Amino acid sequence: MNHDDLNLWSKRAADWARDYHATLRDRSVRAPLVPGAVAGQLPPNPPETPEPMEAIFDDFARIVPPGITHWQHPRFFAYFPANAAPASMLAEQLANAIAAQGMIWQTSPAVTEIEQVMIQWLRQSLGLPDGFTGTIHDSATTATFSAVLTMREKALAFQGNLTGLSGQPRLRLYASAEAHSSVDKAARIAGIGQENLVKIPTETGLSMKPGALAGAIAADRAAGMLPAGVILCAGGTSVGAFDRIGECIAVAHAAGLPVHVDAAWAGSAMICPEFRQMWAGIEMADSIVFNPHKWLGAQFQCAVQLLRDPTPQIRTLGLRPSYLETARKEDIVNFNEWTVPLGRNFRALKLWFVLRAYGLEGLRARIRNHVEWARGACEALRALPGVTITTEPRLSLFTFALRDEAATEALLARINDDGRIYLTQTRHKGAYVIRVQVGQFDCTREDVMMIPQVVAELR
Ligand SMILES: *Cc1c(COP(=O)(O)O)cnc(C)c1O
């Protein structure tokens with residue numbers, strides 16, 4: 001395959017993509033779960049000689065789609081969305097064609113500079129004050145890990161990276177009981193340890209108790225431990241929990257601790273001013289992560305970390321060996337020094353395309369519709385005998401259950417085998433419940449109202 005063939009096959013791929021998207025509503029959202037069904041169609045050994053692209057493409061079209069859960073299906077209501085707006089797909093195609101590695105400014109100034117401008121566009125879109133800067137990570141998990149490493153190093157006066165953690169005081173982190181597992185992962189792999197991630201219980205409204213946070217920090221200090229930072233939850237994955245951001249940050253800052261806010265899903269909604277009271281006080285955060293790859297239409301990988309002051313993170317993650325030194329040292333940013341990996345692809349291009357192709361008004365309209373339609377679906381479900389709404393909609397996420405756990409679990413299996421919609425489960429207050437989130441880029445009100453219809457039929 002050469003570049004002329006690539007031109008031909010790119011056009012074939014574009015036609016295939018158009019047909020794929022046009023027929024999504026006719027497909028079962030979730031892939032049939034038959035272990036080995038895909039692997040069994042591939043030969044166990046790699047080819048020794050070149051194969052024609054025709055054969056490769058045919059096999060792709062035959063083998064892959066039946067093994068795909070269609071995340072771009074307009075009736076995908078599982079997990080959180082992983083949207084890929086058409087303008088984002090186009091930008092990714094162009095970024096793939098360029099295939100630049102933007103580890104430092106001079107390895108492609110456009111990659112760094114467009115990223116810097118996009119961070120400022122997003123900062124303004126979320127209503128955050130001047131002064132915040134930031135970078136784009138692959139995932140919220142990596143952004144939270146970076147923030148936790150920075151908390152660790154700040155607490156250790158930047159000696160942990162140099163001397164290791166043995167002999168250091170016992171570091172402590174604080175998060176809500178509703179925090180995402182990426183916070184647990186960060187505590188584990190940052191060398192702090194799961195047992196030193198203190199889960200503060202939540203109260204009504206599912207915020208951690210600010211008083212309990214203050215008490216835990218003080219008790220740990222009295223016991224000779226070293227509190228390092230607080231991770232707050234703005235839109236928990238399970239049922240959409242929000243910590244009371246302003247109050248919790250005030251407690252953390254009074255104790256001299258930095259705060260990272262995980263708004264991976266809900267952050268996108270803050271382009272709508274009417275939702276911003278849900279994270280009131282956010283402008284005091286030291287670090288915030290949100291994923292335009294969830295709800296804003298820019299596909300994987302696009303996790304934006306906003307930082308009030310990037311210096312401690314750069315001090316934690318930045319290294320500048322001689323082979324990475326650059327001709328210019330003033331006024332330039334080398335984004336690898338803000339993140340865990342050295343290499344980085346051109347993630348900002350899709351943001352540039354998406355923000356321009358739909359405009360903030362277009363993106364806000366989608367999010368507002370999703371929130372309103374989720375409420376509509378929730379009310380229709382509430383009206384069904386035997387259905388209980390177990391958590392009310394937070395933005396576009398709510399949960400429901402039938403009278404007993406076995407019946408709820410069996411209903412979810414029937415729904416997902418049916419394939420018209422796709423929902424997933426969580427546990428809330430110990431009970432098995434079905435999660436509904438509305439957020440797919442192309443979904444319509446009719447798609448969303450299919451949820452109560454399917455539940456009514458299959459319950
Ligand atoms: C999805 C999610 C994450 C993890 O996101 P990745 O980008 O896949 O790492 C973290 N926190 C919350 C609240 C999430 O919803």
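Not measured: the values here are computed from a predicted model. Atoms within each ligand, like the ligands themselves, are counted from 1 in listed order.
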Judging by distance only, is a nitrogen or oxygen of Asn291 under 3.5 angstrom from one on ligand 1? yes

Under 4.5 Å between any side-chain heavy atoms of Leu156 and Asn161, yes or no? no

Counting non-hydrogen protein atoms only, what is the nearest one to atom 14 (C) of ligand 1? Give residue, atom name and distance. Lys294 NZ, 2.9 Å

Is it the side chain, the backbone, both or neither of Asp262 that has a heavy atom closer than 4.0 Å to ligand 1? side chain

Within 4.0 Å of some non-hydrogen atom of Phe80, the atoms of ligand 1 are 15 (O)

Taking only heavy atoms of Ser182 into account, list the atoms of ligand 1 that are under 4.0 Å away from them. 10 (C)

Any nitrogen or oxygen of Ala140, side chain or backbone, less than 3.5 Å from one on ligand 1? yes

Within less than 4.0 angstrom of ligand 1, does Gln301 place any heavy atom? no

How about Tyr358 and Phe441: are their ring centroids closer than 6.0 Å? yes

Mark up the atoms of ligand 1 that fall under 4.0 Å of a heavy atom belonging to Gly235, in ascending order. 13 (C)

Among all protein heavy atoms, pick out the one at the shortest distance from atom 4 (C) of ligand 1; state its residue, atom name and that distance to 0.1 Å. His180 CE1, 3.5 Å

Looking at atom 9 (O) of ligand 1, what's its closest protein heavy atom, distance included? Thr141 OG1, 2.5 Å

Quick check on Gln277: does its CD atom have over 12 non-hydrogen neighbours (other residues, nucleotides or ligands) under 6.0 Å away? yes

Check ligand 1 against His293 and write out every atom of the ligand that is under 4.0 Å from a heavy-atom position of the residue. 7 (O)

Under 6.0 Å from the ring centre and within 45 degrees of the ring axis: does the NZ or CZ of Arg435 meet both conditions for the six-membered ring of Phe80? yes

Please determine, by modelled atom types, if Asp184 and Gln194 share a side-chain donor-acceptor pair under 3.5 angstrom. yes

Can you label the angle between the Trp16 ring and the Tyr20 ring as parallel, tilted or perpendicular, going by 30° and 60°? parallel

What do you reckon, does Asp138 have a nitrogen or oxygen under 3.5 Å from a nitrogen or oxygen of ligand 1? no

Regarding His70 and Tyr422, do their side chains bring together a donor and an acceptor under 3.5 Å, going by distance alone? no

Side-chain donor-acceptor pair under 3.5 Å between Gln299 and Ser88, yes or no? yes

Atom CZ of residue position Arg320 - does it have more than 12 heavy atoms of other residues, nucleotides or ligands inside 6.0 Å? no

Considering only non-hydrogen protein atoms, determine which one is nearest to atom 13 (C) of ligand 1 and report residue, atom name and distance to 0.1 Å. Thr237 OG1, 3.3 Å

